[in-house]
Amino acid sequence: MKSLRYIILFTVFGLNISCEKEVNVDLPNHVVKLSINCNLIGGEVPEAIVSHSIHSVSSRDNFNALPDAEVILFENGIPVDTLLHYDNISDEYWYSFDVGVFKGDYIVQSGKSYKVQANYKNYETAYGETTCPSNFIEISDIDVSGLKIDSTEYYSGEGFDYYRTGKVTFKLTGPLNNELHYFLSVVDENREIDAFELTSQDPLIAIDGNNISEDGTLYPSENLYISGSNGNLNTILTIDINPEGAWGGFEEDLTDGIELILEAQSDEYYQFMKKVEEYKNSQDNPFTEMVFLPNNIKGGYGFVSSGAIQRKVSL
């Protein structure tokens, strides 16, 4: 009798787990809205990518370009520039080849408030607002006297490839802002140098794990991250360019300058880009959690923010 009860129990259990139940879900209608993505940089002209939203269950996977959209830049509430659309015919805008980019000619000013507004046909007007930060850290005392030209023989033995190697030193001074994130990169003007080591003993410079080699040397693959704080930088940094040969390739022009670039990003933009990276990593992976991108656009979707860049070139 007990065996019969177990048989009945397992039969009922098996029938239950094998049943399929259909559930109807009413998804809300998608209202198409404009999207704006723009990061204004003090001292540079404005650029914005403008398109429109797509329903999350749409079979489409690309966005339409809106070359006829009206994109206006306001400074402290006053319109100062109308951005014009450029399509994908220029390599300068390779990163937005699907929808092109809107670009103006007004120079963005640090410390001022901006609004980027987009209008298109019968769409709701969309806009985002931001205040451009000031970068008070100063790059000075650049010394490139430690650079020299080295060479590697062709595999064929019929010539040489040339590149620069050696040490560059410079000073960083000024107050850090705990609401900003800083990124220091080193290139030459032709973007041919991309292998370098950087050393610093300053405790205010916080380095993420990707910038540290096995022996503890700072080895940024692209840039050195400096977190914001309330301290003051007063430190000398030493860069060792191509310390083990021309990993990044050889140089066609050995006379162009070494360019030091210090970018200050708002915390808002920094957190947004972290989410964008999470979103990219989650694509085509059914086991990751859904990533929701931040949105600060009124009447639409996307993100408007601002930053500051300081560039110093030394021959």
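Just so it is clear, the structure is predicted and the values come from calculations on it, not from any experiment.
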Asks: Just checking, is any N or O donor in the side chain of Ser110 or Ser134 under 3.5 Å from an acceptor N or O on the other one?
Replies: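 No, because no side-chain N or O of Ser110 sits under 3.5 Å from a partner of the opposite role on Ser134.
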Asks: Do the side chains of Leu262 and Ile142 join up, straight or via other hydrophobic residues, at under 4.5 Å, putting them in one cluster?
Replies: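 Shared cluster, yes.
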Asks: Just one of Ile36, Leu83, Leu34, Ile49 clears the side-chain contact (heavy atoms from CB on, under 4.5 Å) bar with Val71, so which one?
Replies: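 Of all the options given, the one that passes is Leu83.
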Asks: Under the salt bridge (Lys or Arg N to Asp or Glu O under 4.0 Å) rule, collect the residues that match up with Lys167, sequence neighbours excluded.
Replies: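 Per chain and number, Lys167 pairs via salt bridge (Lys or Arg N to Asp or Glu O under 4.0 Å) with Asp240.
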Asks: Residues in ring pair (Phe, Tyr, Trp, His ring centres under 6.0 Å) with Tyr120, at least two apart?
Replies: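 Tyr120 satisfies ring pair (Phe, Tyr, Trp, His ring centres under 6.0 Å) with Tyr123 only.
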Asks: What's the verdict on salt bridge (charged side-chain N to carboxylate O under 4.0 Å, His left out) for Lys298 and Glu124, showing C-alpha distance, side-chain angles and the deciding distance?
Replies: CA-CA 10 Å; Lys298 304 292 178 57; Glu124 181 181 356; over 6 Å; no
Asks: Is there a side-chain contact between Lys103 and Val45, using heavy atoms and a 4.5 Å cut-off?
Replies: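 Side-chain contact under 4.5 Å: yes.
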Asks: Keeping Asn296 on the side-chain end and Val304 on the backbone end, is there a donor-acceptor pair under 3.5 Å?
Replies: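 Indeed, once roles are kept as given, a pair shorter than 3.5 Å links the two residues.
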Asks: Would a distance-only check, ignoring hydrogens and angles, find a side-chain to backbone donor-acceptor pair under 3.5 Å from Ser35 to Gly302?
Replies: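 Not a single qualifying donor-acceptor pair exists.
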Asks: Test of understanding: clusters of I, L, V, M, F, W, Y form through side-chain heavy atoms closer than 4.5 Å, transitively. Do Phe74 and Leu40 belong to the same one?
Replies: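 No, separate clusters.
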Asks: What are the two closest heavy atoms between Pro79 and Ile72, and how far apart are they?
Replies: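 Heavy atoms only, the tightest pair is CB-CG2, 4.0 Å.
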Asks: Rounded to the nearest 0.5 Å, what separation is found between the CG atom of Leu260 and the CZ atom of Phe170?
Replies: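 Between atom CG of Leu260 and atom CZ of Phe170 there are 5.0 Å.
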Asks: What are the two closest non-hydrogen atoms of Cys132 and Val108, and how far apart are they?
Replies: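 Taking every non-hydrogen atom into account, SG-CG1, 4.0 Å.
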Asks: Does the pair Glu259 and Lys312 meet the rule for a salt bridge (charged side-chain N to carboxylate O under 4.0 Å, His left out), with working shown?
Replies: CA-CA 6 Å; Glu259 187 175 13; Lys312 289 292 182 71; over 6 Å; no
Asks: Any idea which heavy atoms bring Pro133 and Ala308 closest together, and the distance?
Replies: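 Residues Pro133 and Ala308, closest heavy atoms: O-CB, 3.7 Å.
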Asks: To check you understand the geometry: which heavy-atom pair defines the closest contact between Asp105 and Asp81, and what is its length?
Replies: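 Heavy atoms only, the tightest pair is N-OD2, 2.9 Å.
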Asks: In Å, rounded to the nearest 0.5 Å, how long is the span from CD1 of Ile309 to CZ of Phe183?
Replies: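 Atom-to-atom, Ile309:CD1 and Phe183:CZ are 11.5 Å apart.
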Asks: Would you compute the distance between atom CD of Glu75 and atom CD of Gln109 and round it to the nearest 0.5 angstrom?
Replies: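 Rounded to the nearest 0.5 Å, the CD-CD separation comes to 6.0 Å.
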Asks: Can any side-chain N or O of Gln310 pair as donor or acceptor with the backbone N or O of Ile137 at less than 3.5 Å?
Replies: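 Yes; at least one donor-acceptor contact below 3.5 Å.
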Asks: Show me, pair by pair, the donor-acceptor contacts under 3.5 angstrom made by side chains of residues 265-274, not counting sequence neighbours?
Replies:
from   : atom 1 : to     : atom 2 : distance (Å)
Gln265 : NE2    : Glu263 : OE2    : 3.3
Ser266 : OG     : Tyr269 : N      : 3.2
Asp267 : OD1    : His181 : NE2    : 2.8
Asp267 : OD1    : Gln271 : NE2    : 3.3

Asks: What are the two closest heavy atoms between Pro175 and Tyr182, and how far apart are they?
Replies: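 The answer is O-OH, 4.2 Å.
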